[in-house]
*Asks:* 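The structure that follows is given in the form of structure tokens.
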Amino acid sequence: MNVFELINGHVRSAVADLASSFKAPPVLDRIVVEPPRDPTHGDVATNAAMVLAKDAGMKPRELAEKIAAALGTRAGIARVDVAGPGFINMTLDASVWRAALVSAIAAGRDHGRSRIGAGAPVNVEYVSANPTGPMHVGHCRGAVFGDALANLLAFAGYRVTREYYINDAGAQVDVLARSAFLRYREALGEAIGPIPDGLYPGDYLVPVGKALAAEHGAALGEKPEREWLPVARTRAVEMMMAMIREDLAALNVRHDVFFSERSLTEGGSDAVAATIAALREAGHIYEGRLPPPKGAPVEDWEDREQTLFRATEFGDDVDRPLMKSDGSYTYFASDIAYHKSKFDRGFRDMIDVWGADHGGYIKRMQAAVRAVTAGQGDLDVKIVQLVKLLRGGEPVKMSKRAGDFVTLREVVDEVGRDAVRFMMLFRKNDATLDFDLAKVIEQSRDNPVFYVQYGHARGESVFRNAREALPSLPADPAARAAFLAGAPLERLVDEAELSLMKRISAWPRQVEAAAQAHEPHRIAFFLYDLASEFHAQWTRGKDLPHLRFIILDDPQITVARLALVQGVVTVLASGLALLGVGAPEEMR
RNA sequence: GCGCCGGUAGCUCAGCUGGAUAGAGCACCAGACUUCGAAUCUGGGGGUCAGGGGUUCAAAUCCUCUCCGGCGCACCA
């Protein structure tokens, strides 16, 4: 049950009833129904009169009075005021919040589930790290963000596919293959000495060399490179991807589809060639020259005729090359074919999650998606900004050159999956993030992960204690919820209790807003606020014993308050699940 | 030089796609444990929303210019 959706309906129908006297038909899209920032203004406010005043040919306040009069007669609306420049403020009958709480408890983990997605397929592509080594911390944020966003969209009613694009076709995987081949010779007993510059030095390739040796014996080493390289490459990529999947599993991140870049051009058909041909057919490709980039001079600039995509016709700054000077496709060309494949597989809505260093790539990719889908497809690119890794306020030094970068696994092993996930989401995706290894394992309010989880554990702790005073309270969670859904909620009259009920009721609205904005961090912040309000109410019971959740000689109010706790626990558990973070029963 | 992302309290950050008097945590000051978990809570001080101009009933939010920080800038992925 979404209270704001309910009132939204009332507002729209009230406006529709008045519309015959308007000068122009009202544009309902701009009407916003939301909780006012200042609670003294009531429970729900709408700007309807202000945005429709022109259409109505009335002054905002005059129109507001008329809408307010119509709303005043609707069920559940206890009071309507016109305020300021023409806000309509509504105070709802407490029965509305009670009904919302009952519905939340009864729905359990489905409370907040939405149908705004209407089953539309959405493709969320995230991580897509090169299969050339283990994942490092830099990959964490994109992985967690993409995963949480996918959860959120699924909860909001979209049909979500989680996808990983394997970059197994470029020069980098050839380097990987040569590095693995060296390890293969090593595995056969050869002294290889130090790893030469330009090859990957990491010892995670040792097992690949051993595997190649075990499978091929000495045979591979006797062949020319063009024969052994594909073999080494395939095996290396395979083993790297297995490693990456394990790393992701440690973070509780899983994908539905792993899409190989190589598969676009291998086998019977060349999807990249086909895509380019189609674009050429549509007039989006030409042979031409590109001006050298301004600013920093490019040393080896080679002015030549090349195959260019007219990205500028779709909003990009310059046209983009599709072929390298050696005649092979650019990465961009493959990427166009890849996104076309997404569209051909039924995804009009696509979301890519990229690191900040790829920000300059957004426009051309969106341009390409428009071109290749004839404007039917929509690509949203979410950029996750840099993560600064700290320990007790001091930067953790990492040098990629020396090979001592911090791996994803190391961080997860040190602070735990929950802490990593929550902290990665407790910040807007496009703002940089400080991740302090010391702070995230602290058990204090300083640490939001703990604070929210503790809120959940504390709620469960109340239930454990309540069973002594209230033997009829079922231990089984589902039975408990069913039992509490029948609680005498009219006993909840304290302002703060009412306020908690309202926040629990706001959950569905939060889910929808976060899903539509593609912003899972809003969920994290909502949970933090809910936990905070719950902790506050819990502590009030210390000064004011009559406000405790468990009142020994009044089982009725105890049941009512337990229902409130049930609502809190339900939303915390549900929200934490969206973030992929555990909701512990206790934290001792 | 161009593009993208940031700039909000001393510090770290929210601000619900334009709403009413801009909010939280930390830090600082003053308080609350014979108690449902004090791993918590209550109160207080603290603001030129980087700066100028514009759009309108209304701007931290949209447009524009400037300043500062990060990232990127044929043929890498």
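Chain A is the first sequence line, chain B the second, and so forth, proteins listed ahead of strands; every chain is numbered from 1.
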*Asks:* Rounded to whole angstrom, note down the C1' distance from B:rC67 over to B:rC76.
*Replies:* 34 Å
*Asks:* Which value, in whole Å, describes the distance between the P atoms of nucleotides B:rG37 and B:rG19?
*Replies:*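 Going atom to atom, P in each nucleotide, I get 41 Å.
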*Asks:* So, A:K342 and A:D352, do they make that salt bridge, N to O below 4.0 Å?
*Replies:* yes
*Asks:* Between B:rG6 and B:rC13, how far apart are the two P atoms, rounded to whole Å?
*Replies:*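 It comes out at 14 Å once rounded to the nearest Å.
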*Asks:* For the atom pair CE (A:M58) and NZ (A:K23), what is the distance rounded to the nearest 0.5 Å?
*Replies:* 10.0 Å
*Asks:* Contact class for A:A506 vs. all strands (heavy atom < 4.0 Å): base, sugar-phosphate, or nothing?
*Replies:*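 Answer is nothing: A:A506 stays at 4.0 Å or more from every strand.
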*Asks:* Which distance, rounded to the nearest 0.5 Å, do you find between the CG of A:D553 and the CD1 of A:I551?
*Replies:*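 A:D553 atom CG to A:I551 atom CD1 measures 7.5 Å (nearest 0.5 Å).
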*Asks:* When you check every protein heavy atom under 4.0 Å of nucleotides 54-65 of chain B, what one-letter string (B, S, -) results, 5' to 3'?
*Replies:* ---B--------
*Asks:* For A:Q537, run the side-chain hydrogen bond (donor to acceptor under 3.5 Å, both in side chains) check against A:E533, A:H535, A:R540 and tell me which one passes.
*Replies:* A:R540
*Asks:* With sequence neighbours excluded, tell me which residues meet ring-ring contact (aromatic ring centres under 6.0 Å, His included) with A:F422.
*Replies:* A:F426
*Asks:* Quick one: which of A:V173, A:N130, A:D335 gives a side chain to side chain contact (heavy atoms under 4.5 Å, CB included) with A:N167?
*Replies:*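 Of the listed options, the one satisfying the test is A:N130.
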*Asks:* So, using side-chain contact (heavy atoms from CB on, under 4.5 Å) as the criterion, who are the partners of A:Q385 when residues are at least two apart?
*Replies:* A:R141, A:A356, A:T432
*Asks:* Quote, to the nearest angstrom, the C1' distance that separates B:rG54 from B:rC68.
*Replies:* 23 Å
*Asks:* What's A:E261 touching, base or sugar-phosphate or nothing? Going by heavy atoms closer than 4.0 Å.
*Replies:* sugar-phosphate
*Asks:* Strictly under 4.0 angstrom, non-hydrogen atoms only: write out the protein contact profile of nucleotides 33-38 of chain B, one letter per nucleotide from the 5' end, B, S or -.
*Replies:* --BBBB
*Asks:* Please determine if A:R310 and A:D319 form a salt bridge, counting it only when a charged side-chain N lies under 4.0 Å from a carboxylate O.
*Replies:*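 Salt bridge between A:R310 and A:D319, a charged N being under 4.0 Å from a carboxylate O: no.
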*Asks:* Can you tell me which nucleotide in B:rU17, B:rG25, B:rC75 comes closest to the side chain of A:Y528?
*Replies:* B:rG25
*Asks:* Under 4.0 angstrom, heavy atoms only, what part of the nucleic acid is A:A45 near: base, sugar-phosphate, or nothing?
*Replies:*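 Answer is base: heavy atoms of A:A45 come under 4.0 Å of a base.
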*Asks:* Where the side chain of A:D430 is defined as all heavy atoms beyond and including C-beta, which of B:rU42, B:rC5, B:rC75 is the nearest nucleotide?
*Replies:* B:rC5
*Asks:* Could you list all N or O pairs between the protein and nucleotides 10-13 of chain B that sit under 3.5 Å apart?
*Replies:*
{"unit_1": "B:rU12", "atom_1": "O2'", "unit_2": "A:R427", "atom_2": "NH1", "d": "3.4"}
{"unit_1": "B:rC13", "atom_1": "O5'", "unit_2": "A:R427", "atom_2": "NH1", "d": "2.7"}
{"unit_1": "B:rC13", "atom_1": "O3'", "unit_2": "A:R427", "atom_2": "NE", "d": "3.2"}
{"unit_1": "B:rC13", "atom_1": "O2'", "unit_2": "A:R427", "atom_2": "NH2", "d": "3.2"}

*Asks:* Rounded at 0.5 Å granularity, tell me how far CZ in A:R561 sits from CG in A:L484.
*Replies:* 14.0 Å
*Asks:* Quiz question: going by heavy-atom distance under 3.5 Å, is there a donor-acceptor pair between the base of B:rA14 and the side chain of A:H521?
*Replies:*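 No, the side chain and the base share no sub-3.5 Å donor-acceptor pair.
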*Asks:* Who are the side-chain contact (heavy atoms from CB on, under 4.5 Å) partners of A:R491, not counting sequence neighbours?
*Replies:*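 side-chain contact (heavy atoms from CB on, under 4.5 Å) list for A:R491, sorted by chain: A:P488, A:D554, A:Q556, A:I557, A:A560.
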*Asks:* What's A:N167 touching, base or sugar-phosphate or nothing? Going by heavy atoms closer than 4.0 Å.
*Replies:*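 Touches sugar-phosphate only.
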*Asks:* For A:F463, does the six-membered ring have the charged nitrogen or CZ of A:R480 within the cation-pi criterion, i.e. under 6.0 angstrom from the centroid and within 45° of the normal?
*Replies:* yes
